[in-house]
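Reviewing the structure listed below.
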Amino acid sequence: MFAAGYFDGTAELIKWDYESFENYYSDVNDEWWNPEISWKNKYKNGDQSQGAAFWGSRTLLVGITDAYHAARSLRNLSIGATLFLVPRQEFNFKRFVFRMIVYTLANRAGFHLAYSVPRYLNI
């Protein structure tokens with residue numbers, strides 16, 4: 001869940017405060033990282049009127065077209081991996097509440113590391 005939070009924070013940082021991201025991580029490729037430019041990677045020759053760059057580039061495989069969608073896809077895969085790896089036990093409400101608290105704290109810690117740290121270290 002920490003990784004899911006980290007990927008979520010990365011996606012939100014590049015979407016809402018790309019300047020801080022770019023200042024924190026120098027020498028990034030804007031064609032992959034900058035959402036104002038990278039969204040065009042889904043389309044043939046970067047032109048929406050020419051259609052998809054390849055099969056699935058706008059849907060199933062959008063996660064390999066740019067950093068924003070890659071981070072969102074990795075967030076979803078991390079959540080799925082967490083749920084898959086949880087030991088199967090008989091339902092216990094206290095254990096359920098405990099896990100939800102731990103998962104939420106881990107997720108938000110990952111988010112904070114990816115989103116807040118680059119923003120506030122570049123002031």
Side-chain angles (χ1 to χ4, degrees):
M1 290 304 285
F2 180 86
Y6 188 87
F7 292 128
D8 189 29
T10 300
E12 295 303 304
L13 179 63
I14 63 175
K15 181 177 180 180
W16 298 110
D17 194 358
Y18 186 74
E19 184 178 343
S20 289
F21 174 84
E22 194 171 34
N23 289 337
Y24 191 76
Y25 298 100
S26 59
D27 298 326
V28 294
N29 178 349
D30 284 343
E31 290 181 21
W32 171 256
W33 289 99
N34 188 341
E36 291 184 19
I37 299 168
S38 64
W39 68 270
K40 296 176 184 178
N41 296 343
K42 291 188 280 296
Y43 302 103
K44 187 175 183 180
N45 299 316
D47 182 0
Q48 191 173 6
S49 67
Q50 293 184 30
F54 53 87
W55 181 87
S57 68
R58 296 182 297 176
T59 55
L60 182 64
L61 300 176
V62 72
I64 63 172
T65 64
D66 60 83
Y68 174 78
H69 288 98
R72 301 298 284 190
S73 296
L74 289 168
R75 177 202 65 172
N76 294 343
L77 289 170
S78 297
I79 292 169
T82 299
L83 296 176
F84 178 77
L85 295 172
V86 170
R88 304 295 181 248
Q89 298 173 344
E90 186 175 317
F91 181 78
N92 176 295
F93 186 74
K94 287 181 183 179
R95 185 175 30 237
F96 169 78
V97 170
F98 176 76
R99 283 185 178 168
M100 290 303 102
I101 291 169
V102 170
Y103 293 166
T104 301
L105 290 173
N107 183 276
R108 295 298 80 193
F111 183 93
H112 176 67
L113 181 63
Y115 185 81
S116 301
V117 170
R119 293 185 76 204
Y120 296 111
L121 289 182
N122 285 304
I123 294 177

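What you see is a predicted model; the values in this text were computed from it and never measured.
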For this session: Begin with the C-alpha distance, continue with both residues' side-chain angles, and end with the deciding distance and a verdict on side chain to side chain contact (heavy atoms under 4.5 Å, CB included) for Tyr18 and Asp30.
Result: CA-CA 10 Å; Tyr18 186 74; Asp30 284 343; 2.5 Å; yes
For this session: With side chain to side chain contact (heavy atoms under 4.5 Å, CB included) as the test, would you mind laying out the steps for Lys42 and Asp66 before giving the verdict?
Result: CA-CA 8 Å; Lys42 291 188 280 296; Asp66 60 83; 4.2 Å; yes
Exercise. Given the rule in the side chain to side chain contact (heavy atoms under 4.5 Å, CB included) test, do Arg75 and Leu77 qualify, once you have shown the distances and angles that lead to the verdict?
Worked result: CA-CA 6 Å; Arg75 177 202 65 172; Leu77 289 170; over 6 Å; no
For this session: Determine, stepwise, if the pair Arg58 / Tyr43 fulfils side chain to side chain contact (heavy atoms under 4.5 Å, CB included).
Result: CA-CA 8 Å; Arg58 296 182 297 176; Tyr43 302 103; 3.2 Å; yes
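Looking at Asp8 and Arg108, a side-chain N of the basic residue comes within less than 4.0 Å of a carboxylate O on the acidic one, giving a salt bridge. Arg72 has a carboxylate O that lies under 4.0 Å from a charged side-chain N of Glu12, or vice versa, which qualifies the two as a salt bridge.
Hydrophobic clustering places Trp16 together with Leu121 (ILVMFWY residues linked when any side-chain heavy atoms are closer than 4.5 Å, directly or through intermediates). Leu13 and Val28 fall within a single hydrophobic cluster, where Ile, Leu, Val, Met, Phe, Trp and Tyr side chains are chained together by heavy-atom contacts under 4.5 Å. Linking ILVMFWY side-chain heavy atoms closer than 4.5 Å, directly or via other members, places Met100 and Leu105 in a single hydrophobic cluster. Residues Met1 and Tyr115 fall into different hydrophobic clusters, defined by Ile, Leu, Val, Met, Phe, Trp and Tyr side chains chained together at heavy-atom separations under 4.5 Å. Note on Ile79 and Val86: same hydrophobic cluster, where clusters join Ile, Leu, Val, Met, Phe, Trp and Tyr whose side-chain heavy atoms are under 4.5 Å apart, directly or indirectly.
Scanning all heavy atoms of the two residues, the minimum distance from Ser57 to Ala53 falls at OG-N, 3.2 Å. Summarising the geometry of Ile14 relative to Trp33, their closest heavy-atom pair is CD1-O, 3.7 Å, with the distance given to 0.1 Å. Nearest approach of His69 to Val62, heavy atoms of both residues: CB-O, 3.3 Å. Nearest approach of Gly9 to Ala114, heavy atoms of both residues: C-CB, 3.8 Å. Between Gly63 and Ser73 the shortest heavy-atom distance is CA-OG, 3.4 Å. Between Lys94 and Asn92, the shortest heavy-atom contact is N-OD1, 2.9 Å.
The line from OH of Tyr6 to CG of Leu74 is 11.5 Å long, rounded to the nearest 0.5 Å. For the atom pair Tyr68 OH and Thr10 OG1, the distance stands at 12.0 Å (nearest 0.5 Å). Here the CZ-CZ distance, from Phe93 to Phe98, works out to 14.5 Å after rounding to the nearest 0.5 Å.
Relative ring orientation between Phe21 and Tyr25 is described as tilted, the plane-to-plane angle lying within the 30° to 60° band.
Remark: Glu36 CD is loosely packed, at most 12 non-hydrogen atoms of other residues, nucleotides or ligands lying under 6.0 Å away. In Trp32, the CH2 atom is crowded: over 12 heavy atoms of neighbouring residues, nucleotides or ligands sit closer than 6.0 Å.
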